[in-house]
Structures are given as structure tokens and as C-alpha cells.
2 protein chains.
Amino acid sequence: MAEVTDIPWLNDDEQRMWRQWMGLNAELLATLNREMQADSGLSNPDYQVLVVLTDTAEGQIRVSDLATTLQWERSRVSHHVARMEKRDLVSRRGCPDDGRGAFVRITETGRAAIERAAPAHVLAVRRLVFDALTEDEVAQLNEIFGRLRSRAGLATTE
Amino acid sequence: MAEVTDIPWLNDDEQRMWRQWMGLNAELLATLNREMQADSGLSNPDYQVLVVLTDTAEGQIRVSDLATTLQWERSRVSHHVARMEKRDLVSRRGCPDDGRGAFVRITETGRAAIERAAPAHVLAVRRLVFDALTEDEVAQLNEIFGRLRSRAGLATTE
DNA sequence: GCACCATACATGACGTGTCACCTAACCGGC
DNA sequence: GCCGGTTAGGTGACACGTCATGTATGGTGC
């Protein structure tokens, strides 16, 4: 077993940055969620699903493709779509080509909801994030986040 | 109602960065949570609570102070501490000075759990984040995140 | 003392997310 | 045709978080 002194603990700068990062993440998510909820009754996950659906030509998509696009587990999609179906934001129907498959389709209510929510959401993201960043910083963050994401894919401890 | 063309939609660079950010955020949290769960049976929130408790001199803290430190709502603290109490990670006891108050205290089980979890957690954060960043980048990110946090009206003061 | 309000914390309802597991349908071999 | 493995998707149990509300105590003005 490793001794305490062997562990490469975070130094003060690293610790500060890590706390800022995690704190900011929590605040951003909470604020965006709260504002959208108040403005249009949609949650963040609702919004993500509806964005994908409006971006597809037919306004419908297979559950698995939705899962892949959102990087969600299929069971998560299943649960969430079920909840959204109860609120009439989407509808489900079987897939004629594949008896196991299912299509998720956006409803008129869903389309109305996201069209109402989108402008305020974008404004909020601008206000909270992009208004305070230069173009260079945006590019730099994009590069850094992309680097970390691709690294994370490779490095898995078994 | 505002026309679609009036909305300051995100441009391609901004959209890419925003998606990278949110995607990375989800992946980091999920990975850290999953690894710690597998390694020591603690969740991320569990870990945060135990860190605060081990950082206090007495190993105990008032519920409200815990909420302030973690930037959590008190009801969240209440729920979470209740769950942790069931697993014998912490214990609750009334406050003699203030009949309304309650102390949360770390148990031996809790102390053992976090001492077991901490090294792996730090190593994971290093592997996923700091190993891929230069010292300058860490400083820069710290500055940017701090700027966004204070702008959002949700200051740090740690 | 006694209203009156604020504070400290708990609780119930509900949406969200993960994990383990299930069923049903497809698909390749024979 | 049948058989065995894979795939699509759903479900139940449970942890997590928020909101609204409840309950008891503390404090303050009269």
C-alpha cells in the first residue's frame, strides 16, 4: 500500500483551479436549468433531446441513434423519453424495418416548447460565458477541452 | 415575439467549444464518480462531505456550515447526510448551544473510507486533467473560471 | 410573559441518472 | 427449418437534487 507521502497530491494552484472548475460547472448547470425551467418548463436534458430531434430531417430518430448523438446510455434515453412522452413533448412508435427498434418523434407541443426556449437559452449561455471571453480564449478553451476529451477516451484504469 | 434573425445565435466556434465543454464536464464527472464508486464505494458527493469533515479540527460541523462550505442547499445536505448516516459514514447529534442545530460528525468508518478513496481520486484527477495541462494553462484556466464565476454573481471566497 | 417573525433543520414529492436485468427480435451457422 | 449469440429497447431499484412545506427553537418588541 502506498504511503501518504508517495501520493502526488494537487498543489495549491491545481487545487484552486480544480475547485473553480467544479464550482463553475455546478453553477452554470444549475443556473441554465433553473432559468429554462422557469422560462419554458423544459429541463436541460429535455432541451438536448429536442435539439437533436429538430436537427433531424424527419423530426424523428431511432432511440439508439439518439443515445449515440447525446452520448447517453440507452436506458437513460428510454427513461427520459418515457417522461417526455407523458408530457406530450415527444411520441414513440415502432420501427417497421426492425421489430426491436423504436422511433422517437417530436410533437407539435415539443416543437413549440423548444422554439420558445431556444432564444432565452442562447442568451443565457452568452451572458454567463461568451460575453466574458475573447475570441482567442474561446479557441484556446476549445483546444484544451478537446485535448482532455480525447485523452480521457484512451486512459481507462481497469 | 423576437424574430429568429434577431437572436444572437452561437457561431460555429462558440458552439463547438460549448459542446466540448459540456461533454467533457459530463465525462469527467461520470468517470470520477464511477471509479471512486468501484474503488471505495463512495460517490462524489460523499467524498466532498468527508473532505470537509476531515478538514475540520473536531471532525464535526454544523449542518448550515457544511451547506455554506459546499455551496449546497441545506435540504440537500440534510438528505445527503441522512443517506450517509444509514451507511455509517457520518453520525448526527443535536447541538447543545442551539436546540435547532445539529452536528454532523465523521465516523471511524467514514474516516477509513475517505483515507482509502483519496489517493485514487487524486490520481484520477491527475490522469484525466493535470497530466495534459501545462502550468501556464492551469493558471489561465483558473483565471478564466474565476472570472466567469464572479460574473455570474456567484463568487468564490474560498 | 407573549406575540411575532426568523432561523435550523427535516421531510415528501417528484424529476433525474445509473446499474442490473429482462424480453423480444434479428442473424448467422448448421 | 432450428439454435445460439447479439442487439434494441424497456423496467425496477435505488442514489441524487430541488422545491415546497413542516416543525421546533431562538430572538425581539411590547
Side-chain angles (χ1 to χ4, degrees), chain A residues 22 25-38 40-49 60-87 89-105, chain B residues 22 25-38 40-49 60-87 89-105:
Chain A
M22 292 298 103
N25 273 343
E27 289 164 11
L28 278 182
L29 264 295
T31 304
L32 290 174
N33 217 349
R34 195 174 340 103
E35 292 190 6
M36 193 154 53
Q37 195 80 49
S40 58
L42 294 182
S43 68
N44 236 323
D46 295 338
Y47 187 81
Q48 293 181 61
V49 168
Q60 69 174 27
I61 189 175
R62 287 284 293 273
V63 171
S64 288
D65 295 337
L66 185 53
T68 303
T69 306
L70 291 172
Q71 305 256 71
W72 286 7
E73 298 185 14
R74 275 207 306 265
S75 94
R76 178 178 175 186
V77 173
S78 194
H79 278 302
H80 202 82
V81 163
R83 288 188 293 259
M84 292 179 74
E85 196 177 22
K86 275 188 198 148
R87 295 189 290 146
L89 295 168
V90 300
S91 63
R92 271 188 293 197
R93 53 174 54 199
C95 171
D97 299 342
D98 187 335
R100 302 163 301 177
F103 277 111
V104 183
R105 170 177 295 200
Chain B
M22 292 298 104
N25 183 358
E27 287 168 15
L28 278 182
L29 265 294
T31 303
L32 290 174
N33 217 347
R34 195 172 344 102
E35 291 190 7
M36 194 156 49
Q37 194 80 48
S40 59
L42 294 181
S43 69
N44 236 323
D46 294 338
Y47 187 82
Q48 293 180 60
V49 168
Q60 69 175 26
I61 190 175
R62 286 284 293 273
V63 171
S64 289
D65 295 336
L66 185 53
T68 303
T69 306
L70 291 172
Q71 306 256 74
W72 287 5
E73 298 185 14
R74 274 208 305 265
S75 93
R76 178 178 175 185
V77 173
S78 193
H79 278 302
H80 202 82
V81 163
R83 287 188 294 260
M84 291 179 75
E85 196 177 22
K86 275 188 200 150
R87 295 189 291 145
L89 295 169
V90 300
S91 63
R92 272 187 294 196
R93 54 175 52 199
C95 172
D97 299 342
D98 186 337
R100 303 163 299 177
F103 277 111
V104 183
R105 171 178 294 203

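Every chain is numbered from 1 and lettered A, B, ... according to where its sequence line falls, protein lines coming before strand lines.
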Anything under 3.5 Å between a protein N or O and an N or O of nucleotides 21-23 of chain D, put it in a table, one pair a line.
none

Restricting to salt bridge (charged side-chain N to carboxylate O under 4.0 Å, His left out), what partner residues turn up for A:E73, sequence neighbours left out?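 Listed in chain order: nothing, the list is empty.
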Provide, to the nearest angstrom, the distance between the [atom1] atom belonging to [X] and the [atom2] atom belonging to [N].
X      : N      : atom1 : atom2 : value
B:I61  : C:dA8  : CD1   : C1'   : 14 Å
B:E35  : C:dT18 : CD    : C1'   : 16 Å
B:W72  : D:dC19 : CH2   : P     : 15 Å
B:Q71  : D:dG17 : CD    : C1'   : 16 Å
B:L70  : C:dC9  : CG    : C1'   : 16 Å
B:N33  : C:dC19 : CG    : C1'   : 13 Å
A:D65  : D:dA8  : CG    : P     : 9 Å
A:F103 : D:dG9  : CZ    : C1'   : 14 Å

Nearest 0.5 Å please: distance from the CG atom of A:L42 over to the CE atom of A:M84.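 Here the rounded value is 7.0 Å.
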How long is the gap from CG on B:L32 to CE on A:M22, to the nearest 0.5 Å?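 Here the interatomic distance stands at 7.5 Å.
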Residues two or more places apart in sequence or in another chain: which of them pass side chain to side chain donor-acceptor pair (under 3.5 Å) with [X]?
X     : result
B:N25 : A:N25
A:R83 : A:H80
B:Q48 : none
B:S43 : B:D46

Taking for each residue the nucleotide of DNA chain D bearing the nearest heavy atom, is the 5' side occupied by A:R34 or by A:R74?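 In this pair, the answer is A:R74.
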Nucleotides 12-16 of chain C: which of its N/O atoms have a protein N/O under 3.5 Å away?
residue: C:dG12; atom: O6; partner: B:H79; partner atom: NE2; Å: 2.5
residue: C:dT16; atom: OP1; partner: A:S43; partner atom: OG; Å: 2.9
residue: C:dT16; atom: OP2; partner: A:R83; partner atom: NE; Å: 2.9

Once side-chain hydrogen bond (donor to acceptor under 3.5 Å, both in side chains) is applied, what residue pairs with a partner in residues 62-71 of chain A remain, sequence neighbours excluded?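 Non-adjacent pairs meeting side-chain hydrogen bond (donor to acceptor under 3.5 Å, both in side chains): zero.
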Below 4.5 Å, heavy atoms only, C-beta onward: do A:V49 and A:L89 meet side chain to side chain?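 Of all side-chain heavy-atom pairs linking A:L89 with A:V49, none is under 4.5 Å.
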Show every donor-acceptor pair shorter than 3.5 Å between a side-chain atom in residues 90-105 of chain B and any protein atom, with sequence neighbours excluded, or say none if there are none.
residue: B:R92; atom: NE; partner: B:E85; partner atom: OE1; Å: 3.1
residue: B:R92; atom: NH2; partner: B:E85; partner atom: OE1; Å: 3.0
residue: B:D98; atom: OD1; partner: B:R100; partner atom: N; Å: 2.9
residue: B:D98; atom: OD1; partner: B:R100; partner atom: NE; Å: 3.0
residue: B:D98; atom: OD2; partner: B:R100; partner atom: NH2; Å: 2.8
residue: B:R105; atom: NE; partner: B:Q60; partner atom: OE1; Å: 2.9
residue: B:R105; atom: NH2; partner: B:Q60; partner atom: OE1; Å: 2.6

Between the side chain of A:S78 and the main-chain N/O of A:R74, is any donor-acceptor distance below 3.5 Å? no
Minimum-distance nucleotide to A:E73 side chain [options: D:dG10, C:dC9, C:dC19]: C:dC19
I'd like a list of close polar pairs between nucleotides 22-26 of chain C and the protein, N/O only, cut-off under 3.5 Å.
residue: C:dA25; atom: O3'; partner: A:G99; partner atom: N; Å: 3.4
residue: C:dC26; atom: OP1; partner: A:G99; partner atom: N; Å: 2.6

Over the length of the helix from C:dG1-D:dC30 to C:dC30-D:dG1, how much do the five-pair end axes diverge, rounded to 10 degrees?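 That helix gives 0° between its end axes.
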Minimum-distance pair of heavy atoms, taken over all atoms of A:R87 and A:G41: NH1-O, 3.4 Å
It should be established whether B:R92 places a side-chain nitrogen or oxygen under 4.0 Å from OP1 or OP2 of nucleotide C:dC9.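 Answer no for this pair, as no side-chain N or O of B:R92 is under 4.0 Å from OP1 or OP2.
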A:N33 and A:L29: CA distance, side-chain angles, deciding distance, side chain to side chain contact (heavy atoms under 4.5 Å, CB included) verdict: CA-CA 6 Å; A:N33 217 349; A:L29 264 295; 6.0 Å; no
